Amino acid sequence: MKQCILFAAGMALAARPGLAERIEPAALAALPPADVVILGEVHDNPRHHENQAVAVAALRPAALVFEMLTAEKAGLIRPSILESGRKLAAELEWDRSGWPDFSMYHPILLAAPEAKVFGAEVVREAAREAVTDGAAAAFGPAAVRFGLDRPLDPSDLASRVEEQRIAHCGALPEDLLPGMVEAQRLRDASLARAVLEAMEDTGGPVAVITGTGHARRDVGLPSVLAAVAPQLRVLSVGQFEEPPEGEVPFDLWLVTAPAEREDPCATLTGD
């Protein structure tokens, strides 16, 4: 399911306005200074993780925030096992997580061995609660601070529902799509909460490893941070496997060769 969502994310961006600049991967070694640098990815594309590692090595962040780790799992990462990808993956129980192979993510950690790691993953139970009861209910008392108590503008909601339809290959029931939007809002708020914790704990800069959809300035993590911490300088970087149509909502974006994969929609549509 995650793979299908992220594979389709680039197609869903076409209708969204933005003011992005296309760059080449080499530019990731000299990104503009920022308090928070959000490095998007298509999760199963090894080239995207290689690019993230290059950026992280150059940024030398004080903290790393991973969408793929819970706060508890992030706390298990320590220098004594950082060098061994096999031991670290076992400690994190990565093979049970549903994310792509840990070998893609390990070099990112090695690129900033002194950085403190923070986790922002939304566990399945919370995501399900967001789908059924809304993001505010799943997030808890801090929902108001992160704007989850406020309903989306109808036109914004309609756009996000359409993006979820595309991302899930048109296979989900229509009445489930608004709940999927709520789950995405929950993930963006969870990332923002982890970023603020990382900034308070380390002083920054913070590098965020997440799906390209969450790096979007219009509806993703940057928009949440702009509301809750407008003083932060935030740089968003999107990675794609083909050029998106029109302008796209990132500060910087780049295109790589696609990953080799089977049709991600086949299991959902039965094709």
Side-chain angles (χ1 to χ4, degrees), residues 1-16 18 20-28 31 37-56 64-69 94 97-109 111 120-122 127 160 162-171 180 183-184 187-188 191 207-222 235-269:
M1 182 70 74
K2 288 172 183 169
Q3 187 181 86
C4 182
I5 292 172
L6 269 296
F7 179 71
M11 295 185 288
L13 281 171
R16 293 282 184 167
E21 175 187 351
R22 182 172 180 174
I23 60 172
E24 295 301 320
L28 292 168
L31 292 174
V37 179
I38 306 168
L39 299 169
E41 64 183 45
V42 173
H43 292 314
D44 66 343
N45 192 316
R47 296 172 185 85
H48 290 192
H49 301 299
E50 292 167 5
N51 290 339
Q52 288 169 327
V54 169
V56 167
L64 283 166
V65 171
F66 278 83
E67 178 193 354
M68 306 80 197
L69 295 170
W94 189 273
S97 71
W99 295 103
D101 195 276
F102 185 69
S103 63
M104 295 191 222
Y105 290 91
H106 188 217
I108 301 169
L109 290 164
E121 185 174 23
V122 171
R160 298 197 199 198
E162 179 60 22
E163 288 164 2
Q164 288 297 320
R165 180 183 292 107
I166 294 171
H168 291 87
C169 311
M180 301 304 292
Q184 286 298 93
R187 293 184 179 99
D188 288 324
L191 283 162
V208 183
I209 305 301
T210 187
T212 281
H214 294 297
R216 293 169 54 164
R217 278 204 165 273
D218 55 348
V219 298
L221 170 59
L235 180 73
S236 66
V237 182
Q239 296 195 81
F240 297 91
E241 296 184 331
E242 61 182 35
E245 298 177 6
E247 296 180 337
V248 289
F250 300 88
D251 295 308
L252 304 171
W253 60 278
L254 58 106
V255 179
T256 73
E260 293 185 8
R261 63 171 72 86
E262 297 180 359
D263 180 2
C265 290
T267 57
L268 292 178
T269 64

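The structure displayed is predicted, hence computed values, not measured ones.
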Visitor: Going from CG on Leu252 to CD on Glu24, what distance comes out if it is rounded to the nearest 0.5 angstrom?
Guide: 12.0 Å
Visitor: Please list, chain by chain and in numerical order, all residues satisfying side chain to side chain contact (heavy atoms under 4.5 Å, CB included) with Met68, sequence neighbours excluded.
Guide: Glu41, His43, Phe66, Trp94, Trp99, Tyr105, Ile209
Visitor: Are the side chains of Glu163 and Gln184 in touch, meaning some heavy atoms are under 4.5 Å apart?
Guide: no
Visitor: Please round to the nearest 0.5 Å and tell me the distance separating atom CZ of Arg160 and atom CD of Glu162.
Guide: 14.5 Å
Visitor: Check each of Val208, Val122, Thr210 against Glu67 using the side-chain contact (heavy atoms from CB on, under 4.5 Å) test, and report the only one that passes.
Guide: Thr210
Visitor: Could you pull out the closest heavy-atom pair between Ile108 and Leu64, with the gap in Å?
Guide: O-CD1, 4.2 Å
Visitor: Give a yes or no answer on whether the side chain of His106 reaches the backbone of Phe102 with a donor-acceptor pair at less than 3.5 Å.
Guide: no
Visitor: Please report the closest heavy-atom contact between Pro222 and Ala215, naming both atoms and the distance.
Guide: CG-O, 3.4 Å
Visitor: Could you check if a side-chain atom of Asp188 sits within less than 4.5 angstrom of a side-chain atom of His214, using non-hydrogen atoms only?
Guide: yes
Visitor: Can you give me the closest heavy-atom contact between Ala207 and Val56, atom names plus distance?
Guide: CB-CG2, 4.3 Å
Visitor: Do Gln239 and Asn45 get their side chains close enough for a donor-acceptor pair, meaning under 3.5 Å?
Guide: no
Visitor: Can you name the nearest heavy-atom pair linking Ser103 to Pro107, along with the distance?
Guide: O-CD, 3.1 Å
Visitor: Where do Leu31 and Leu235 come nearest, in terms of heavy atoms and distance?
Guide: CB-CD2, 4.1 Å
Visitor: Would a 4.5 Å heavy-atom cut-off, applied to side chains only, mark Val255 and Arg22 as touching?
Guide: yes
Visitor: Are Thr212 and Phe250 close enough, and set up right, to give a side-chain contact (heavy atoms from CB on, under 4.5 Å), and what steps lead you there?
Guide: CA-CA 9 Å; Thr212 281; Phe250 300 88; 3.5 Å; yes
Visitor: Step by step, would you call Ile38 with Leu191 a side-chain contact (heavy atoms from CB on, under 4.5 Å)?
Guide: CA-CA 10 Å; Ile38 306 168; Leu191 283 162; over 6 Å; no
Visitor: What pair of heavy atoms forms the shortest contact from Pro249 to Ser236, and how long is it?
Guide: O-OG, 4.4 Å
Visitor: Check the pair Val42, Arg261 against side-chain contact (heavy atoms from CB on, under 4.5 Å), reporting the backbone distance first and the verdict last.
Guide: CA-CA 12 Å; Val42 173; Arg261 63 171 72 86; 3.6 Å; yes
Visitor: With heavy-atom distances below 4.5 Å as the criterion, would you say the side chains of Leu28 and Leu254 are in contact?
Guide: yes
Visitor: Partners of His48 by ring pair (Phe, Tyr, Trp, His ring centres under 6.0 Å), sequence neighbours excluded?
Guide: none
